[in-house]
Amino acid sequence: MTTTTLEPVPVGTGTALSLTGVTRTHGTGETGVTALDDVSLELRQGSWTAVMGPSGSGKSTLLQVAAGLDRVDGGRVVLGGTDITHASDQERTELRRERIGFVFQSFNLIGSLTAEQNVALPLELAGRRPGRDTVRQALALVGLSERATHRPRELSGGQQQRVAIARAMITRPQVLFADEPTGALDSNAARNVLELMRDMTGTGQTILMVTHDPAAAAAADETVFLRDGRLVDRLAGADAATIANRLVALEAGR
Ligand code: ADP
Ligand code: MG
């Protein structure tokens with residue numbers, strides 16, 4: 001295994017992730033799009049933050065940049081006490097493998113592998129040999145002990161997303177990033193996934209989640225709103241109706 005130059009330093013302040021004045025532009029000149037414009041955001045350890053905003057407002061870019069998967073053009077990104085603003089491609093690959101977890105709307109499980117093989121994959125990619133117990137424990141945490149040897153097509157959407165969450169959590173990531181994790185699920189399965197995420201924050205896991213669903217955002221501690229790449233508002237502890245009203249107003253340009 002290669003060694004990383006991105007050693008985490010003790011956090012102490014309780015901050016899991018901070019973005020300071022972050023700008024990200026796609027393309028240059030007349031065709032350039034400013035996906036993020038001077039965004040600052042700080043996530044406490046164990047907090048759950050939802051990101052909402054109209055289509056194209058920069059939500060996915062925010063997640064990519066915060067996770068160290070994408071570079072910034074200006075500002076600063078600190079993940080788990082490590083300044084990752086100027087990380088190299090190699091360091092970003094290591095971050096992705098060992099320090100963050102990512103969950104997508106489309107689950108992104110590997111169809112030819114069983115649930116437990118999917119869950120074990122990040123550790124294997126990181127050059128570690130996962131013990132069977134470690135993998136089974138991760139599946140037990142998401143309530144899927146009985147499905148360890150099933151392949152994705154033998155699981156419901158909600159079960160597949162829970163496997164994806166177990167896979168994301170197996171490396172004990174400093175932050176779990178989720179882009180529309182409930183977007184492909186019916187309301188029952190969505191509620192299960194949201195309850196699971198709430199349980200995870202109870203053990204100190206920090207979560208940053210993009211969603212279009214006001215009910216999902218209401219399950220988080222706080223919702224931040226993006227418009228045209230700018231962080232324009234935030235609501236803590238709001239209910240789904242309040243969040244929905246704010247989103248409708250934003251989409252109407254207010
Ligand atoms: P959201 O997730 O809120 O829909 P995105 O972060 O995907 O928004 O995109 C923000 C803006 O950046 C949009 O205008 C989008 O078209 C643009 N954008 C995103 N990724 C790229 C890219 N790789 N190349 C060019 N433009 C991009
Ligand atoms: Mg998006």
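With respect to Val77, the side chain to side chain contact (heavy atoms under 4.5 Å, CB included) criterion is satisfied by exactly one of Thr20, Thr82, Asp83, Val65: Val65.
Within the model, atoms CZ of Arg99 and CD of Glu91 stand 10.5 Å from one another, a figure rounded to the nearest 0.5 Å. A distance of 10.5 Å separates CD in Gln160 from CD in Glu154, rounded to the nearest 0.5 Å. One finds the CZ atom of Arg162 at 9.0 Å from the CZ atom of Arg147 (value rounded to the nearest 0.5 Å). Atom CG in Leu36 sits 8.5 Å away from atom OG1 in Thr25 (nearest 0.5 Å). Ile110 contributes atom CD1, which lies 12.0 Å from atom CZ of Arg151 (distance to the nearest 0.5 angstrom). Met200 CE to Leu141 CG: the interatomic distance, rounded to the nearest 0.5 Å, is 9.5 Å.
Here the closest heavy-atom approach between residue Gly46 and residue Thr201 is recorded as O-CB, 3.5 Å. The minimum heavy-atom distance between Gln45 and Ala16, with the atom names listed, is CG-CB, 3.8 Å. Considering every non-hydrogen atom in both Leu185 and Ala190, the closest pair reads CB-N, 3.9 Å. Of all non-hydrogen atoms in Gly158 and Ala189, the two that sit nearest each other are CA-CB, 3.8 Å. Closest non-hydrogen pair, Gly111 versus Pro152, comes out as O-CD, 3.7 Å. Closest approach of Ala138 and Val119 over heavy atoms only: CB-CG1, 4.0 Å.
Although no hydrogens or angles enter the test, the distance criterion places no donor-acceptor pair under 3.5 Å between the side chain of Thr223 and the main chain of Ala220. In this structure, Arg92 contributes its side chain and Gly68 its backbone to a donor-acceptor pair below 3.5 Å. One N or O on the side chain of Arg24 and one on the backbone of Arg71 form a donor-acceptor pair closer than 3.5 Å. In this structure, the side chain of Gln64 does not engage the main chain of Thr61 through any donor-acceptor pair within 3.5 Å. Lys59 places a side-chain N or O within donor-acceptor distance of the main-chain N or O of Pro54, the cut-off being under 3.5 Å. At distances below 3.5 Å, at least one donor-acceptor pair connects side-chain atoms of Ser40 with backbone N or O atoms of Gly21.
Using a 4.5 Å heavy-atom threshold, the side chains of Gln205 and Met197 count as separate. Asp37 has its side chain out of reach of Asp228: every pair of non-hydrogen atoms, C-beta onward, lies at least 4.5 Å apart. Side-chain contact between Val163 and Leu155: present, with at least one pair of heavy atoms (C-beta onward) separated by less than 4.5 Å. No side-chain heavy atom of Phe107 sits under 4.5 Å from any side-chain heavy atom of Asn118. Residues Arg230 and Val39 have side chains not in contact (no heavy-atom distance under 4.5 Å, counting atoms from C-beta outward). Counting only heavy atoms from C-beta outward, the side chains of Glu116 and Thr149 approach each other to under 4.5 Å. For the pair Thr206 and Ser47, the minimum side-chain heavy-atom distance is below 4.5 Å. In this structure the side chain of Met52 never reaches within 4.5 angstrom of the side chain of Leu226, judged on heavy atoms.
Follow the hydrophobic side-chain contacts under 4.5 Å out from Leu19 and you reach Ile100 in the same cluster. Under a hydrophobic clustering in which Ile, Leu, Val, Met, Phe, Trp and Tyr are joined whenever their side-chain heavy atoms come within less than 4.5 Å, directly or via other members, Leu62 and Leu95 fall into the same cluster. Hydrophobic clustering (ILVMFWY, side-chain heavy atoms < 4.5 Å, transitive): Ile84 and Leu17 are in one cluster. Grouping the Ile, Leu, Val, Met, Phe, Trp and Tyr side chains by contacts below 4.5 angstrom, directly or via other members, places Leu176 with Met209. Each of Val51 and Leu194 belongs to its own hydrophobic cluster when Ile, Leu, Val, Met, Phe, Trp and Tyr are linked at side-chain heavy-atom distances under 4.5 angstrom.
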- Message: Could you walk me through whether Ile207 and Thr49 satisfy the side chain to side chain contact (heavy atoms under 4.5 Å, CB included) test, starting with their C-alpha distance in whole Å, then the side-chain angles of each, then the deciding distance to 0.1 Å, before giving a yes or no?
- Response: CA-CA 6 Å; Ile207 304 175; Thr49 305; over 6 Å; no
- Kindly indicate, with the supporting measurements, whether the criterion side chain to side chain donor-acceptor pair (under 3.5 Å) is fulfilled by Ser18 and Glu42. CA-CA 4 Å; Ser18 73; Glu42 192 166 304; 5.2 Å; no
- Test side chain to side chain donor-acceptor pair (under 3.5 Å) on Asp239 and Thr242 and set out the steps. CA-CA 5 Å; Asp239 62 17; Thr242 306; 2.6 Å; yes
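Residues meeting the side-chain hydrogen bond (donor to acceptor under 3.5 Å, both in side chains) test with His212, sequence neighbours left out: Glu180. Under the side-chain hydrogen bond (donor to acceptor under 3.5 Å, both in side chains) criterion, Thr134 pairs with no residue at all, not counting sequence neighbours. The side-chain contact (heavy atoms from CB on, under 4.5 Å) search around Arg246 returns Phe225, Asp233, Leu235, Ala249, Leu250, not counting sequence neighbours. By the side-chain contact (heavy atoms from CB on, under 4.5 Å) test, Ala164 is found to be paired with Leu109, Gln161, Arg167, residues two or more places apart in sequence or in another chain being considered. Checked against ring pair (Phe, Tyr, Trp, His ring centres under 6.0 Å), Phe102 has the following partners two or more places apart in sequence or in another chain: Phe104, Phe177.
Counting only N and O atoms by type, the side chains of Thr23 and Asp73 include no donor and acceptor under 3.5 Å apart.
The salt bridge (charged side-chain N to carboxylate O under 4.0 Å, His left out) pairs that include a residue from residues 183-203 are Arg198-Asp221, where partners are two or more places apart or lie in different chains.
The 12-atom threshold is not exceeded at CZ of Arg76, counting heavy atoms of other residues, nucleotides or ligands nearer than 6.0 Å.
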